[in-house]
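None of the values given here were measured: they were computed from a predicted structure. Just so we're on the same page: letters track the sequence lines, and every chain starts at 1.
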Amino acid sequence: MSSLVVSIALFCIGLYAVLTRKEVIAILVGVEVMIAGALLVLVMLGSHAANGASIHAVALLILVLAATEAAVGLGLLVAAARRLSTTCVDEMTEVRG
Amino acid sequence: MALVDRIGEGLERLGGGVILTSVDALVDWSRGQSLWAFPMGTACCAMELIAASFSKFDFDRLGTFPRPDPRHTDVMILAGTITEKMKPAVRRLYDQMPEPKWVVAMGNCTVSGGIFYYDTYSVVRGADQFLPVDVYISGCPPRPEALQDGVLQLRELVRMRSLAPGKRYERELALPRPEDASYSNEDPNPPSAGLEGGDAS
Amino acid sequence: MSALLTGAAWGLAAASLIAVAALIGVWWERKVAGRIQMRFGPQEAGPAGLLQTLSDTLKLMLKEDITPTAADVPVFRAMPFLVFVPVASALVVIPYASGWAPFNIATGAVFFLAVPGLSVLGILLAGWASQNTYASIGGVRAAAQMISYELPRTLSVLSLCLLAGSLSTGTIRAEWRWWWVPLTAVGFLVYFISSIAEVNRGPFDLAEAESELVAGYFTDYSGIRWAIFMMAEYGGVVAASLFGAATFLGGGLGLSGVPGALLFVALTALIATAMIWAKWTFPRMRADQLMTFAWKVLTPMALVQLLAVGIALAARVVLS
Amino acid sequence: MSALIFWLLAICAGIGALAVVMSHDVMRLALGLGLVLLSTAGFFVLLGFGFLALAEVFVYAGGVLVLVLFAIMLVHRGEPGQPSLEVTHDPLILVGCVGVFALLLAVLRPVALQLQTSSGGSVDALGSVLLGDLLLPFELSGLLLLAALVAVVSVMGGDRR
C-alpha cells in the first residue's frame, strides 16, 4: 500500500511539474519523473506475479522507450533553442518551420 | 593561513609540546619535500626553468614538478622580466594559490629589474614590490642548478616557518638598495603584513 | 539485506585499497615516467623516493581548501565524493579468486560497467559548479569522452560474458580457459584502450589538457578535494587493471594457489604499467580524433570480436 | 530493515521530485532528477529486480541524465552566472494533480499488496523471456533505438548543411 502511494505520488509530482513549468527542459525532466513513477507502479504490482521475468522484461523495454523519448526530446529542444532562441514553451508560437 | 596553523597555536597554549613538535616535524618534512612549482615564466629565464624539469637536471628528484594550475601548487617561480602590464596578472595568479605558498624570484630582472632597472618606464623593479618573495636567485639567466639550489634553500625556509609559533623567526634579509630614498615606486597594493619573510625593502 | 551490508563493508575495504594503490601507483608512475624521459624521478624522500607520495598527500591534506565565491557551494564541495565513490564501488565486483568476488551478484559484469559510469555526473557537475569556463569545458569534454568509450568497453566485456555464459564476474573467472586469450585478444586491446579513456588519462586526457584548459574540470579544486579526484583516477586505473587481469587473462592464467595469486598481482601491475607507459609515450589526441577513434575504430573492432566469439561458440557446438 | 530502506528511498525520491517542481536552478533540477532515478533503482533492488536497477543506472543516470546536463549547457551557454528558471504555481493544477493521485490510488488500491521481493528477477529467466515470448518487441525496440539515433542526428546537425 505504502509503496503504491509513493510511486503514484512520484507520478503526480511529475505531472504537476509538466503542467506548471514553462521551460522545455523542466517539462522533459518532469516527464522523466512521471515515467519513473509509472515504471515503479508496474514493477511493484508485478513483483507478486508468478511470471516475474515477464514483468522484468516489459519494464526493461519501457526503459528503452523512455530513453529514446528523452534523447529525441532533448535533440528537438536544442534545435528549437537554436532556431527560436528561446526555451520557454509560451514563446514558441511560430508554426512555420 | 591554513587551519592547521591555528591548531598549532592552540596546542602551544595548552602546552602540547611533544605532540606538537613531532607533528610539526612531519608537516615540515611533507611540505618541504613536495614543493610543486607554478612556472610563472614571463621572459627568457623561463627556458632555464623549463630545462630544470627535463632530462638533464630532473626537478622531480627533489619532489618538485610544474603544475599549470595555481590551485594545485605551492611555490610560484617567477622567471623573467615582470612588466607593469603583467604585474596585475602575476599578482592575481599568486592570490589564486592556496596557503601555504611561497615565491621564488629567479633571475636578475625578477629580483631587481636587472638591466631594465634604469631608463625604463615599463618594468617592475623587483618582484618584491608586490609579492612576498622568499628566495632570490641571481643570474641572467641563472642556471637550472641554481634554481634547484634555490628550491633546496626554500625547503630550509619552510622548516623555519613551521607550525609551532616558537620556532618561527624572521630571516634577516634586508639587502641594501642604492636608491631607497630617491626613487619612489609606491605600490598601490603592498604585500600584507601577515606574510612575513619577504619584505626586503 | 545482509548482502547489502557486506557489500558496504567491502566498499570501505576497496576505498582503503585505492588509497594504498594510489600511494604506490603515483610513485611508480613518476619513476616510470622519469625512466621514459631519461630522468630518475623522485629520489630524495625515503629510499628511492618511496615516501614521495606520502609527503605529497600529507601536504595536500594540509593545504587551504578553496571554494570560489561564484561557485555553487554544496555541489562544488560534494562532487569529489560523487566521483570517487562509484569508482571505488567497482572494486567490490572484481573476482579476486576463482568463482569468488566480494559482492558476488549474478550481474557483476554489468555492475562493473554501469556503476563507475555515475562518476561522469560528478565530473560534469564539478566542472559546472566551479563557474569557471575552463572547468565547464573540461567537464563537458570528459563527459562526452566517457560516455562514448563506455560503448566499446561494454561490447568488449560482453564477448567474455558470451564465452562464460554468465554475467557474473566470479563465473567468468571460474569458466576461464587458456584459448580465450588468443580468441579475445582484440577485445582485450579494445578494453585496454577504452579503459584508459574512461579514466581520462593520457593520451586521452584532453579533459584536463593543461595547454588549453589549465587543468580541466578540477581547475578550481585545491588541497584534499583535488587529491580525491586524483585518487579516483588511480582507483579507475587499479579497477580496470584488476578486472582485465582477472577476466581477460583469467587471473594468473588459470594457475591455482600461491603462484596463481602472485601471477595475478604481476599481471595487474603489468596492465597498470602499460597504461602509464601509454600516457608518457603518446601525444595527446584532438577532440575530433578522439570521437572518431571511439566510434569508427574501437566500436567496430569490438563488434567484430563479438561476432568472432559467437562464431567460435557456434562452431564448438556443431563440432562436439 | 527492508521497511527502513524503503522509507529512506521514498524520502530521497520525494526530495528529488520536489526539487524538480520547485527549483529555480537548472542544475538543482537535474540533480533532483538524478536523485529520483537513483532511488527508483534502489526500489528495483528492493523488489528483487537487480538487472533492471543496473539498467536504470546505466541508461538513465549514466546516459539520459548526462544528456539532460549537456542540453542545459548547450541551451543556457553564454548566460552570465547561474541560469535561473521561472517557477509558476497554479492552485487549480495542484487540485487537479491531487485528484489524479486520489483517482489512481482508488483504482489501484484493490490490487495493491504487501511489498515483497519478486522471485522472477533472475537474469536467466529475463534472457529467455526477452529472446522467447517477447522477441518481437525486443527486436522492435532495437529498431526504435536506431531510428531515434538517426532522428537526433538529423535534427541536431540539420543547420550545418
Side-chain angles (χ1 to χ4, degrees), chain A residues 1-6 8-17 19-23 25-26 28-30 32-33 36 39-41 43-61 63-65 67-68 70-72 74-79 81-83 87-88, chain D residues 10 13 17-18 20-21 26 29-30 33 36-37 40 43-44 47-49 51-52 55-56 59 63-64 67-68 71-72 74-75 85-86 88-90 93-94 97 100-101 104-105 108 111-113 115-116 118-121 125-126 129-130 133-134 137 141 144-145 148 151-152 155-156 158-159:
Chain A
M1 186 61 206
S2 54
S3 56
L4 197 63
V5 171
V6 169
I8 293 177
L10 215 54
F11 179 84
C12 289
I13 294 175
L15 183 64
Y16 182 75
L19 291 177
T20 55
R21 288 285 193 172
K22 299 282 181 245
E23 301 262 345
I25 196 124
L28 274 174
V29 169
E32 293 303 321
V33 173
L39 202 60
L40 215 52
V41 172
V43 171
M44 275 172 178
L45 293 180
S47 65
H48 294 272
N51 54 346
S54 299
I55 298 293
H56 206 162
V58 169
L60 211 61
L61 292 179
L63 211 67
V64 171
L65 290 180
T68 319
V72 175
L74 291 168
L76 285 173
L77 157 68
V78 174
R82 266 191 203 150
R83 182 163 300 184
T87 54
C88 183
Chain D
L18 285 179
V20 169
V21 176
V26 209
L29 187 88
L33 177 64
V36 169
L37 296 174
T40 314
F43 282 127
F44 292 158
L47 291 164
F49 293 108
F51 186 80
L52 187 61
E56 172 102 5
V59 173
V64 170
L67 272 187
V68 169
I72 290 172
L74 281 175
V75 168
L85 295 179
E86 194 186 341
T88 47
H89 291 293
D90 191 336
I93 293 174
L94 187 65
C97 284
V100 171
F101 177 75
L104 283 175
L105 201 61
L108 290 175
V111 289
L113 296 163
L115 191 69
Q116 106 179 11
S118 171
S119 54
L126 174 69
V129 169
L130 269 184
D133 293 347
L134 291 177
S141 69
L144 179 74
L145 279 176
V152 171
V155 166
M156 297 279 288
D159 56 348

### Working for side-chain contact (heavy atoms from CB on, under 4.5 Å), residues D:Leu104 and A:Phe11
CA-CA 10 Å; D:Leu104 283 175; A:Phe11 179 84; 3.8 Å; yes
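- Between chain A and the options D:Leu94, D:Val59, D:Asp133, D:Leu37, heavy-atom pairs under 4.5 Å are most frequent for D:Leu94.
- Of the residues A:Leu10, A:Val43, A:Leu39, A:Leu40, the one that meets the side-chain contact (heavy atoms from CB on, under 4.5 Å) test with D:Phe43 is A:Leu40.
- Of all heavy-atom pairs spanning A:Leu4 and A:Met44, the tightest one is N-SD, 4.4 Å.
- Considering only heavy-atom pairs separated by less than 4.5 Å from chain D, the leading option among A:Leu65, A:Val72, A:Val29, A:Leu76 is A:Val29.
- Under the 4.5 Å side-chain criterion, counting only non-hydrogen atoms from C-beta, D:Phe51 is in contact with A:Leu60.
- When the candidates A:Leu28, A:Leu77, A:Val58, A:Val33 are compared by the number of heavy-atom contacts under 4.5 Å with chain D, A:Val33 comes out ahead.
- Chain A forms the most heavy-atom pairs under 4.5 Å with one residue out of D:Val36, D:Leu145, D:Val20, D:Val152, and that residue is D:Val20.
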### Query
Are A:Ile25 and D:Ile72 close enough, and set up right, to give a side-chain contact (heavy atoms from CB on, under 4.5 Å), and what steps lead you there?
CA-CA 7 Å; A:Ile25 196 124; D:Ile72 290 172; 3.5 Å; yes
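- Ranked by non-hydrogen atom pairs under 4.5 Å with chain A, the options D:Leu33, D:Thr40, D:Leu52 are led by D:Leu52.
- Looking at A:Val41, the atoms closer than 4.5 Å to chain D (heavy atoms on both sides) all sit in the side chain, from C-beta outward.
- Taking D:Leu130, D:Ile93, D:Val64 one by one and counting their heavy-atom pairs under 4.5 Å with chain A, the maximum is reached by D:Ile93.
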### Message
side-chain contact (heavy atoms from CB on, under 4.5 Å), that's the test. Do D:Phe49 and D:Leu126 meet it? Break it down for me.
### Response
CA-CA 10 Å; D:Phe49 293 108; D:Leu126 174 69; over 6 Å; no
